[in-house]
Number of protein chains: 2
Amino acid sequence: MIDREQVAKRLKGAGYKFTGPRRLVIDVFFRHPEASLAVKDVLAEVQGECPHVSPDTVYRTVALLEKLGVVEPLDFSDEAKKYRLACGTEHHHHLVCLRCGAVMPLQYCPLVEVEDGVEGFSIVDHRFELYGYCKACQQTP
Amino acid sequence: MIDREQVAKRLKGAGYKFTGPRRLVIDVFFRHPEASLAVKDVLAEVQGECPHVSPDTVYRTVALLEKLGVVEPLDFSDEAKKYRLACGTEHHHHLVCLRCGAVMPLQYCPLVEVEDGVEGFSIVDHRFELYGYCKACQQTP
DNA sequence: GATTAAATAAGAATTATTCCTATTTACAAG
DNA sequence: CTTGTAAATAGGAATAATTCTTATTTAATC
Ligand SMILES: [Mn+2]
Ligand SMILES: [Mn+2]
Ligand SMILES: [Zn+2]
Ligand SMILES: [Zn+2]
């Protein structure tokens with residue numbers, strides 16, 4: 001898994017400054033390496049340490065980290081968009097625990113199964129996600 | 001495919017009133033049987049005929065139609081939630097055209113492929129959607 | 001036609017996100 | 001170490017989607 005040093009390098013390597021607010025945002029994701037976090041969660045933790053950091057800055061920073069592949073977006077239906085520290089660079093999908101919010105990578109991708117069955121439709125993207133309960137949450141009542 | 005009469009019956013059968021605004025909302029979906037519509041699109045068409053209908057009413061009506069299985073929610077990532085007239089009662093997924101917005105049913109479901117591979121995780125729900133360009137949109141430049 | 005619970009309109013309130021702009025800062029060059 | 005400069009930020013206003021509140025209206029029943 002990627003570490004803090006590499007994130008700083010990736011930022012600078014792409015020509016971005018390594019600022020205080022950006023470090024705070026990065027730290028939040030490393031503090032919860034498997035959780036799915038809404039921007040407002042990230043903002044709350046950041047402001048816990050530095051109350052004057054603006055929402056706008058956190059939104060922009062998270063978007064930047066997404067562009068750099070440091071965090072991944074997770075598409076829950078209703079709620080606000082969530083993110084987690086990227087679990088890998090290869091293509092993968094996710095198992096999402098509906099109780100504790102843990103997000104685990106799933107290597108299997110169903111795309112090959114379907115590519116022949118959609119004559120005439122040219123696929124450029126897809127989404128596949130599984131929702132349920134992780135081992136730990138099944139055992140705790 | 002379901003028709004207007006059946007929708008009215010389903011409403012009344014479940015104890016709901018068949019009101020003017022509800023009829024207008026239903027008509028919008030029948031007028032675009034394959035399109036994906038955001039609530040604001042539905043609202044705009046409804047207000048075209050009856051300008052005083054409130055957003056709240058349209059939101060509540062669409063939610064009700066979803067509960068009754070008349071319309072299906074479609075999960076696009078960023079944008080507002082969208083809906084289309086349900087394309088069937090059996091479990092299925094969707095092909096979504098990124099240009100014209102057409103939404104076509106896909107019978108294949110990848111769930112069986114994965115159920116053995118996720119030891120310890122109990123799946124209760126899943127999402128699978130394909131995005132791309134439909135035949136017509138591929139041919140028009 | 002009268003009764004009544006359900007539904008609606010209108011506007012306020014919330015929530016997530018983006019925009020605006022004056023000020024600050026990371027970083028590099030001297 | 002200073003200084004110059006573009007990039008980044010703070011703070012507050014603006015937008016957009018959705019929900020809430022409450023007084024009024026109405027579909028369905030009697
Ligand atoms: Mn991942
Ligand atoms: Mn469908
Ligand atoms: Zn895939
Ligand atoms: Zn399925």
Side-chain angles (χ1 to χ4, degrees), chain A residues 4-5 7-28 36-68 70-71 73-83, chain B residues 4-5 7-28 36-68 70-71 73-83:
Chain A
R4 282 184 184 69
E5 306 301 312
V7 176
K9 268 184 197 136
R10 216 182 281 188
L11 262 180
K12 292 182 184 176
Y16 296 100
K17 296 181 181 175
F18 187 62
T19 66
R22 283 178 178 166
R23 186 180 57 71
L24 291 174
V25 169
I26 292 163
D27 284 351
V28 172
S36 52
L37 302 171
V39 178
K40 80 160 183 293
D41 304 323
V42 178
L43 178 65
E45 282 205 36
V46 166
Q47 290 188 330
E49 304 183 59
C50 217
H52 61 84
V53 173
S54 77
D56 190 52
T57 295
V58 175
Y59 274 97
R60 277 183 294 102
T61 300
V62 172
L64 176 60
L65 294 176
E66 178 182 358
K67 193 169 76 173
L68 296 174
V70 175
V71 303
L74 301 162
D75 299 299
F76 293 81
S77 7
D78 295 355
E79 317 149 43
K81 202 172 175 184
K82 290 187 174 176
Y83 300 85
Chain B
R4 281 183 183 71
E5 306 301 311
V7 175
K9 267 184 196 134
R10 215 182 282 189
L11 262 180
K12 292 182 183 174
Y16 297 99
K17 295 181 182 176
F18 187 62
T19 67
R22 284 178 179 166
R23 186 181 56 73
L24 290 174
V25 169
I26 291 163
D27 284 350
V28 172
S36 52
L37 303 171
V39 178
K40 79 159 182 298
D41 304 323
V42 178
L43 178 65
E45 281 205 36
V46 166
Q47 290 188 332
E49 303 183 58
C50 216
H52 62 84
V53 174
S54 77
D56 189 54
T57 295
V58 174
Y59 274 98
R60 278 182 293 105
T61 300
V62 172
L64 176 60
L65 294 177
E66 179 182 358
K67 193 169 74 172
L68 296 174
V70 175
V71 303
L74 302 162
D75 298 299
F76 293 80
S77 3
D78 295 354
E79 317 150 41
K81 204 172 176 183
K82 290 187 174 176
Y83 299 85

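All chains are named by letter (A, B, ...) in the order of the sequence lines, taking the proteins before the strands, and each is independently numbered beginning at 1. Because only heavy atoms are used, hydrogens play no part in the values below, and waters and symmetry mates are left out as well, while side chains stay in.
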- For Arg60(A) and for Val39(A), locate the closest nucleotide of DNA chain C by heavy-atom distance; then report the residue assigned to the nucleotide nearer the 5' terminus. Val39(A)
- Note on the structure: Assert: residue with more 5' nearest nucleotide on DNA chain C, out of Lys12(A) and Asp56(B), is Asp56(B)
Could you work out which one of [options] sits closest to the side chain of [X]?
| X | options | answer |
| --- | --- | --- |
| Thr57(A) | dA16(C), dA17(D), dA10(D) | dA10(D) |
| Lys17(A) | dA9(C), dA7(D), dA10(D) | dA7(D) |
| Lys40(A) | dA7(C), dG11(D), dA16(C) | dA16(C) |

Pairwise side-chain contact, [X] with [Y], heavy-atom cut-off 4.5 Å (strictly under):
| X | Y | answer |
| --- | --- | --- |
| Val39(A) | Tyr83(A) | yes |
| Leu64(A) | Arg22(A) | yes |
| Ile26(B) | Val70(B) | no |
| Val7(A) | Arg4(A) | no |
| Thr61(A) | Leu24(A) | no |

Separation of [X] atom [atom1] from [N] atom [atom2], in whole Å?
| X | N | atom1 | atom2 | value |
| --- | --- | --- | --- | --- |
| Lys9(B) | dA27(D) | NZ | P | 20 Å |
| Phe18(A) | dT9(D) | CZ | C1' | 16 Å |
| Leu65(A) | dA8(D) | CG | P | 12 Å |
| Lys81(B) | dA16(C) | NZ | C1' | 16 Å |
| Leu64(A) | dA7(D) | CG | P | 14 Å |
| Gln47(A) | dG11(D) | CD | C1' | 12 Å |
| His52(B) | dA7(C) | NE2 | C1' | 13 Å |
| Arg22(A) | dA10(D) | CZ | P | 11 Å |

- Is any side-chain N or O of Tyr59(A) closer than 4.0 Å to OP1 or OP2 of dT17(C)? yes
- Task: Using a cut-off of strictly less than 4.0 Å, decide whether Thr19(A) has a side-chain nitrogen or oxygen near OP1 or OP2 of dT9(D).
- Result: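 The answer is yes; a side-chain N or O of Thr19(A) sits under 4.0 Å from OP1 or OP2.
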- Task: Could you check Tyr16(A) against Pro51(A) and say which one's nearest nucleotide on DNA chain D is further toward the 5' end?
- Result: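 Its nearest nucleotide lies further toward 5', so the answer is Tyr16(A).
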